Amino acid sequence: MNKDEITNKTADFVKEIMSEESSGHDWWHIYRVWNLARKIAEKENANIFIVEMAALLHDVEDWKLKESLQTDGKVKEWFVKVNISEKEINEILHIIENISYKGANVAENPLTIEGKIVQDADRIDAIGAIGVARAFAYGGSKGRELYNPEIEPEMHNDFAAYKSSKGHTINHFYEKLLLLKDRMNTETAKQIAIKRHEFLITFLENFNKEWNLEDVN
Ligand code: ADP
Ligand code: NI
């Protein structure tokens with residue numbers, strides 16, 4: 001199999017896994033990140049195969065647990081099946097393990113150019129109109145309130161505190177989404193993020209106006 005065939009077959013494989021395990025991450029998020037990553041990569045000097053594979057596999061739960069590489073996880077078996085090198089596996093794994101947002105005051109781990117591209121693509125999909133939709137879909141799935149004026153946002157100092165935060169979804173905008181624009185790695189992503197960030201601001205302004213009945217005469 002050549003690289004393109006491996007990538008396309010991996011896309012089919014991920015699509016199947018994601019539809020089997022409907023635990024929050026859906027295939028269309030992966031599909032958007034894959035396409036965004038390809039777009040960003042056009043302007044960068046990067047290994048496109050690594051970019052595409054990491055984009056496709058970044059939310060497959062197997063990878064979130066390091067042990068799974070040593071055990072017989074589905075993805076490990078897949079790598080054996082498509083016969084990609086140990087070096088490539090390690091590059092992809094490094095990206096997947098290090099791209100996540102871990103809280104406002106938590107330092108980011110250094111990434112390769114391929115990792116920077118996938119991280120940018122994943123973060124672009126968290127902002128703009130799609131980001132708003134995803135945040136409320138996530139909040140709803142966890143039974144969270146849309147907004148609660150009695151609970152202030154928190155700038156988390158560690159990942160555990162960020163992950164266990166039980167706040168309402170509007171807080172997530174202040175705790176993560178509004179901070180992403182200034183954390184983009186590539187110029188291409190920065191430009192896209194500026195526009196999507198503006199939409200977040202407009203959304204929050206309108207939400208506040210309606211909450212305070214400022215739009216009612
Ligand atoms: P990613 O796919 O970017 O790694 P996550 O798996 O952390 O993101 O989350 C999936 C989606 O849910 C993202 O759009 C993210 O912003 C959103 N999300 C994560 N945590 C929260 C939260 N506490 N409240 C609302 N939305 C959230
Ligand atoms: Ni993602």
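What you see is a predicted model; the values in this text were computed from it and never measured. All ligand and atom numbering here is 1-based and tracks the order in the structure.
At least one donor-acceptor pair closer than 3.5 Å links the side chain of Q119 to the backbone N or O of I99. Of the possible polar contacts, none joining the H29 side chain to the D26 backbone as a donor-acceptor pair under 3.5 Å is found.
Taking any N or O of H172, backbone or side chain, at least one lies under 3.5 Å from an N or O belonging to ligand 1. Ligand 1 has no nitrogen or oxygen under 3.5 angstrom from a nitrogen or oxygen of T169. Between Y162 and ligand 1, no N or O atom pair is found at a separation short of 3.5 Å. At least one N/O-N/O distance between H29 and ligand 1 falls below 3.5 Å. By the 3.5 Å distance cut-off applied to N or O atoms, S100 is not counted among the residues near ligand 1.
One option in K166, R134, K176, E175 has a heavy atom closer to atom 14 (O) of ligand 1 than any other, and that option is R134.
Residue-and-atom listing of protein N/O/S atoms under 2.8 Å from the Ni ion (ligand 2), sorted by chain and number: H29 NE2, H58 NE2, D59 OD2, D122 OD1.
Under the 30°/60° scheme for interplanar angles, the aromatic rings of Y147 and H168 are found to stand perpendicular.
For K87 and E91, the salt-bridge test passes: some basic side-chain N is under 4.0 Å from an acidic carboxylate O. Using a cut-off of 4.0 Å between Lys/Arg side-chain N and Asp/Glu carboxylate O, E187 and K43 are scored as not salt-bridged.
Heavy-atom neighbours of F49 CZ from other residues, nucleotides or ligands within 6.0 Å: above the threshold of 12. Under a cut-off of 6.0 angstrom, the local environment of NZ in K102 is crowded, with over 12 non-hydrogen atoms contributed by other residues, nucleotides or ligands.
Residue-level proximity to ligand 1 for D59 is carried by the side chain, the only part with a heavy atom below 4.0 angstrom. Residue contacts with ligand 1 for K142 are absent, since no atom lies close enough (heavy atoms, distance under 4.0 Å).
Short contacts between ligand 1 and L177, defined as distances under 4.0 Å to a heavy atom of the residue, involve ligand atoms 16 (O). The atoms of ligand 1 that sit less than 4.0 Å from any heavy atom of R144 are 22 (C), 23 (N), 24 (N).
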Q: Let me see the working for I170 and F136 under side chain to side chain contact (heavy atoms under 4.5 Å, CB included), right down to the final yes or no.
A: CA-CA 9 Å; I170 290 291; F136 287 100; 4.0 Å; yes

(Q) Test side chain to side chain contact (heavy atoms under 4.5 Å, CB included) on Y162 and V106; report intermediate values, then the result. (A) CA-CA 9 Å; Y162 169 73; V106 183; 6.0 Å; no

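Side chains of R32 and N35: no donor on one and acceptor on the other come within 3.5 Å. Defined by atom type and a distance below 3.5 Å, a donor-acceptor pair is missing between the side-chain atoms of W27 and S19.
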